[in-house]
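Okay, structure first, notes after.
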Amino acid sequence: MSGKIGVLALQGDVREHVSVLAELGAYPVEVRRPEDLAGIDGIVVPGGESTTMALLLESAGLRQPLADQLRGGMAAFGTCAGMILLARQVLDGRRDQTCFGVIDISVRRNAFGRQVDSFETDLDVPELGAEPVHGVFIRAPLVERAGPEVEVLAEVDGRPVACRQGPVLVTSFHPELSGDLRLHDLFLKGVG
Amino acid sequence: MAGSDSPIPTGRRTGTDLVKRGLAEMLRGGVIMDVVTAEQAKVAEDAGAVAVMALERVPADIRRDGGVARMSDPALVEAIKAAVTIPVMAKARIGHFAEAQVLEALGVDYIDESEVLTPADEAYHIDKWRFTVPFVCGATNLGEALRRISEGAAMIRSKGEAGTGDVKEAVRHLRSIIGDIRRVTQADSAELYGWAKTLQAPVGLVQELAASGSLPVPLFCAGGIATPADAALVMQLGAEACFVGSGIFKSADPPRVARAIVEATTHFRDPAIVAKVSRGLGPAMRGEESSSVATRLADRGW
């Protein structure tokens, strides 16, 4: 699989996503300005602080053009903060939280607690085979509601932590930190 | 205490290296702002801060007031935690592991073992491996950075000279750290033992650095950043994020200065944007030339 994949590079763990995508043979480009969106086949929204990214999306003039591309069916992969920005609804978020709304889930920010509660664990992801996926959860959000169109790919405590709706994939955790390429590979397979 | 007594389901591991360093990775490209009240914390969050540092006094005031500077009142830390959804950091004195234990019990997201406070131990830093909460420590050179990492720091910030609004010490420290990283990367395997002696740092970490070409934890910049252009400068020099202390709430228009520094940190390679956000910000903090200060905070740390 190859393709020009944008990585939203306003803030967060951009480098890790860029390096995983390159390793998988895609052509990652960092997106900071509207012109960086030209010709991309998919977008990765990285981990970081969702409040900061939401504000910078607006001031950089990126929110509207990216929203238009996403609504047009562009593939997207959001990890942690990226999941929050792609979600339909953010529970108890700040007023400016809801951003792209391209996957029908309601998420709660920092749902697992504070940093001392951040954790690593192995996750069963049947879609990716028998080998568990190592999940790194850092002040992670949780999916409290997943709509009927949403496929739940993995759960923790019976709550979804990896979801897919069409070409949009989201995880509460950070596959880009653990060295497991399979979720990025799954995302790239959904890139048209 | 490394997750052993946490009431969590089996199979979950807290306080690991990856989890501690991971939060620092998430803060990359962002601005961490010093705040002394819950209201300031909200201003910082609204301006796009990726985290706040909860303090009783910003470094410029610590300098002005003198006396012993200690950990903040837990009530203040709790009020700031309640006010914002972004991570909250707090400072403990160098070597004061009991202050760090209190901050961990309060649930802060990162502890800064900081030279801005009056050191509690003249020989030893905190053994940071003993904690679940991650630590950031200051460094003026590569040896100091590696010693802090060997003690368990999950993030390094160049120290600069806090509270001066003079960026020159931050530049000196960043250049020293990053320049030596480049030089170590060029060394052959025999020379690395010499580097370990010169740097007074564990040879294992020096070898790891030589192989990877970068510190094993993120390198942020602190101490003297007062304008958007200062942020763009240190980011271009190789810092991965900025701590801004007195520079925001000692300026004429804190919400605008905060926002401008956030944007300059993201778009640090784009001078047109740095120019745009710098326009009409009003007076920056007055500051103090770093070579004229009575107490050099950067000299604290061993």
Side-chain angles (χ1 to χ4, degrees), chain A residues 8-17 30 32-33 46-61 79-81 84 90 92-97 109-110 112-123 132 134-140 156-157 173-174 176-179, chain B residues 3 6-31 42 45-51 81 84-89 104-111 131-134 214 218 240-241 259 262-263 265-270 273 276-277:
Chain A
L8 188 67
L10 298 170
Q11 189 274 312
D13 68 336
V14 176
R15 187 172 60 204
E16 286 77 4
H17 280 289
E30 297 189 0
R32 288 190 185 79
R33 299 169 305 172
E49 280 305 314
S50 58
T51 51
T52 304
M53 281 193 242
L55 186 144
L56 288 165
L57 274 165
E58 200 64 59
S59 66
T79 63
C80 195
I84 295 168
V90 183
D92 71 4
R94 290 160 48 85
R95 65 193 181 286
D96 53 0
Q97 275 286 287
R109 295 179 60 207
N110 307 330
F112 290 93
R114 302 199 68 92
Q115 173 61 14
V116 288
D117 307 306
S118 292
F119 62 97
E120 297 177 47
T121 194
D122 284 332
L123 298 167
H134 192 62
V136 183
F137 292 76
I138 297 174
R139 290 172 44 93
V156 163
D157 301 338
F173 53 95
H174 295 281
E176 72 278 13
L177 290 185
S178 60
Chain B
S6 303
I8 49 159
T10 47
R12 284 196 201 176
R13 293 182 296 130
T14 58
T16 61
D17 264 19
L18 194 53
V19 161
K20 288 175 170 178
R21 294 172 186 185
L23 179 55
E25 307 288 356
M26 297 312 141
L27 302 178
R28 283 212 318 259
V31 181
K42 287 202 194 92
E45 186 178 51
D46 287 342
V50 290
K81 270 175 56 193
V84 294
T85 62
I86 55 179
V88 175
M89 306 187 178
E104 182 173 60
L106 290 172
V108 304
D109 296 300
Y110 240 94
I111 295 176
F131 289 78
T132 303
V133 65
S214 63
E240 297 179 282
R259 177 69 180 262
V262 167
E263 296 210 27
T265 302
T266 289
H267 299 287
F268 66 90
R269 286 196 200 90
D270 193 334
I273 292 181
K276 186 178 111 196
V277 301

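Convention: sequence-line order gives letters A, B, ...; per-chain numbering from 1.
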Under 4.5 Å heavy-atom distance to chain A, tell me which part of [X] shows up: side chain, backbone, both or neither.
X	result
B:A49	backbone
B:V88	both
B:R21	neither

For [X], is it the side chain, the backbone, both, or neither that has a heavy atom closer than 4.5 Å to a heavy atom of chain B?
X	value
A:R33	side chain
A:V156	side chain
A:L56	side chain
A:L177	both
A:E58	neither
A:R139	side chain

Main-chain N/O of [Y] paired with [X] side-chain donor or acceptor, under 3.5 Å:
X	Y	answer
A:Q11	B:R28	yes
A:T121	B:G11	yes
A:D13	B:E25	no
A:S178	A:G135	no

Exercise for review: Evaluate the ring planes of A:F137 and A:F173, with Trp represented by its six-membered ring, and classify them as parallel (under 30°), tilted (30 to 60°) or perpendicular (over 60°).
Suggested key: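 Correct class here is tilted.
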Exercise for review: For the pair B:E45 and A:T51, evaluate side-chain hydrogen bond (donor to acceptor under 3.5 Å, both in side chains) and give the outcome as yes or no after the intermediate values.
Suggested key: CA-CA 8 Å; B:E45 186 178 51; A:T51 51; 4.9 Å; no
Looking at [options], which makes the most heavy-atom pairs under 4.5 Å with chain A?
options	answer
B:T16, B:I273, B:V50	B:V50
B:P218, B:G107, B:G30	B:G107
B:V133, B:L23, B:V108	B:L23

Review point. Does the distance from a Lys or Arg side-chain N to an Asp or Glu carboxylate O, for B:E104 and A:R114, drop under 4.0 Å?
Key: no
Review point. Are B:K276 and B:E263 within salt-bridge range, i.e. N to O under 4.0 Å?
Key: no
